[in-house]
Amino acid sequence: MADSVLELKAVDRRYVQGPKELVILNGADFALRSGEMVALVAPSGAGKSTLLHIAGLLEYPDGGDVVVNGTSCAGLPDEQRTAIRRSEIGFVYQFHHLLPEFSALENVMMPQLIAGLPPAEAKERAAQLLAYMKIGQRAAHRPAELSGGEQQRVAIARAVANAPLVLLADEPTGNLDPKTAGYVFEALEALVRQSGLAALIATHNEELAARMDRRVTLAEGKVVPLPE
Ligand SMILES: Nc1ncnc2c1ncn2[C@@H]1O[C@H](COP(=O)(O)OP(=O)(O)OP(=O)(O)O)[C@@H](O)[C@H]1O
């Protein structure tokens, strides 16, 4: 395994807005080491989602490279980027993006079935993950029958269902009240620590950010450390 499971190398991202160019990332470098949890803390509009989408191979940078577990993704064909994303990266969004017509269990099984796992194995792993997230008793419920905190716990279980190396989370507790956010973050943290995943988590929540191994922010298009 490479020392850094995820690297951004001199990543550029600009948006053109009418006559103006909005520079979001400008030669941004970042390395996420195996097993570490890093908080990305920056004001609204600074580019956190942009950085996570590029790191998660959901968007292309205008320049630079994303290296996932030693594999350079610049110039890779779409199918290979998708394959790397599916096997190595789990994504949690602020809003759960669960499939409404499927149960919690089926939602967590889905990525595993897409990856070709036999249904019985996918089901067993999904049930284990939901139990680990303390939501096993809600496995048969559809997303609309779950609370916001429960939906996010299912979304987290789904994100790690394929045993990725890296978890990227964009304000995973941003939509929850502080108490529920605390519970959900605790479950997320326990899962990340237990499975040895590396995680980059964008959050506005200073208290949660302080619990991670280190904190970074965005300044002038670059990723810079925040003081301890
Ligand atoms: N497709 C796009 N076209 C033009 N501008 C965009 C596009 N996507 C994002 N932006 C702009 O880029 C900037 C960074 O957006 P981004 O969503 O990455 O910020 P953020 O730090 O995640 O913000 P928030 O905390 O509010 O979610 C914002 O000013 C946004 O308006």
Side-chain angles (χ1 to χ4, degrees), residues 6-32 36-68 73-74 78 81-82 84-85 89-98 148-149 151-153 155-156 158-159 164 166-182 184-185 188-189 192 197-227:
L6 178 74
E7 277 177 273
L8 300 189
K9 290 187 168 175
V11 166
D12 296 329
R13 185 69 171 117
R14 304 173 283 276
Y15 294 115
V16 178
Q17 280 191 329
K20 278 202 288 185
E21 196 183 51
L22 204 57
V23 178
I24 305 298
L25 298 173
N26 186 16
D29 291 312
F30 174 70
L32 185 66
E36 74 171 345
M37 278 184 97
V38 178
L40 174 59
V41 187
S44 182
K48 300 181 296 296
S49 301
T50 302
L51 183 144
L52 288 172
H53 288 170
I54 290 173
L57 309 179
L58 291 163
E59 263 185 50
Y60 286 91
D62 295 312
D65 195 5
V66 177
V67 181
V68 180
C73 295
D78 277 353
R81 286 170 61 91
T82 302
I84 292 173
R85 189 174 66 240
I89 297 166
F91 221 106
V92 181
Y93 301 87
Q94 180 172 357
F95 299 98
H96 57 78
H97 291 295
L98 295 170
Q151 289 167 347
Q152 269 317 62
R153 280 186 273 168
I156 292 163
R158 181 186 54 177
V166 178
L167 182 70
L168 301 174
D170 196 354
E171 300 276 359
T173 61
N175 192 33
L176 306 173
D177 65 74
K179 200 169 152 201
T180 310
V184 170
F185 184 79
L188 168 72
E189 191 179 21
V192 168
L197 266 170
L200 176 61
I201 301 175
T203 182
H204 285 295
N205 188 323
E206 287 286 340
E207 206 179 302
L208 299 185
R211 288 164 55 164
M212 297 191 220
D213 300 321
R214 60 189 171 103
R215 298 179 305 145
V216 296
T217 190
L218 288 165
E220 293 172 8
K222 297 202 169 29
V223 181
V224 294
L226 273 170

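All residue numbers refer to positions in the sequence shown, counting from 1. One-based numbering, in listed order, for ligands and for the atoms of each.
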Partner of L51 under side-chain contact (heavy atoms from CB on, under 4.5 Å), picked from L168, L40, V216, is L40

Give a yes or no on this: more than 12 heavy atoms of other residues, nucleotides or ligands lie within 6.0 Å of atom NZ of K9.
-> no

Report the residue from R13, R81, R85 that forms a salt bridge (charged side-chain N to carboxylate O under 4.0 Å, His left out) with E59.
-> R13

Mind jotting down which protein residues get a heavy-atom contact under 4.0 Å with ligand 1? Chain and number order, please.
-> Y15, Q17, L22, I24, P43, S44, G45, A46, G47, K48, S49, T50, H204

Name all residues meeting the side chain to side chain contact (heavy atoms under 4.5 Å, CB included) criterion together with I24; count only those two or more places apart in sequence or in a different chain, and write none if there are none.
-> Y15, L22, T50

Contact check, side chains of L6 and V66, non-hydrogen atoms, under 4.5 Å = yes

With under 30° as parallel and over 60° as perpendicular, where do the rings of H97 and Y93 fit, or are they tilted in between?
-> perpendicular

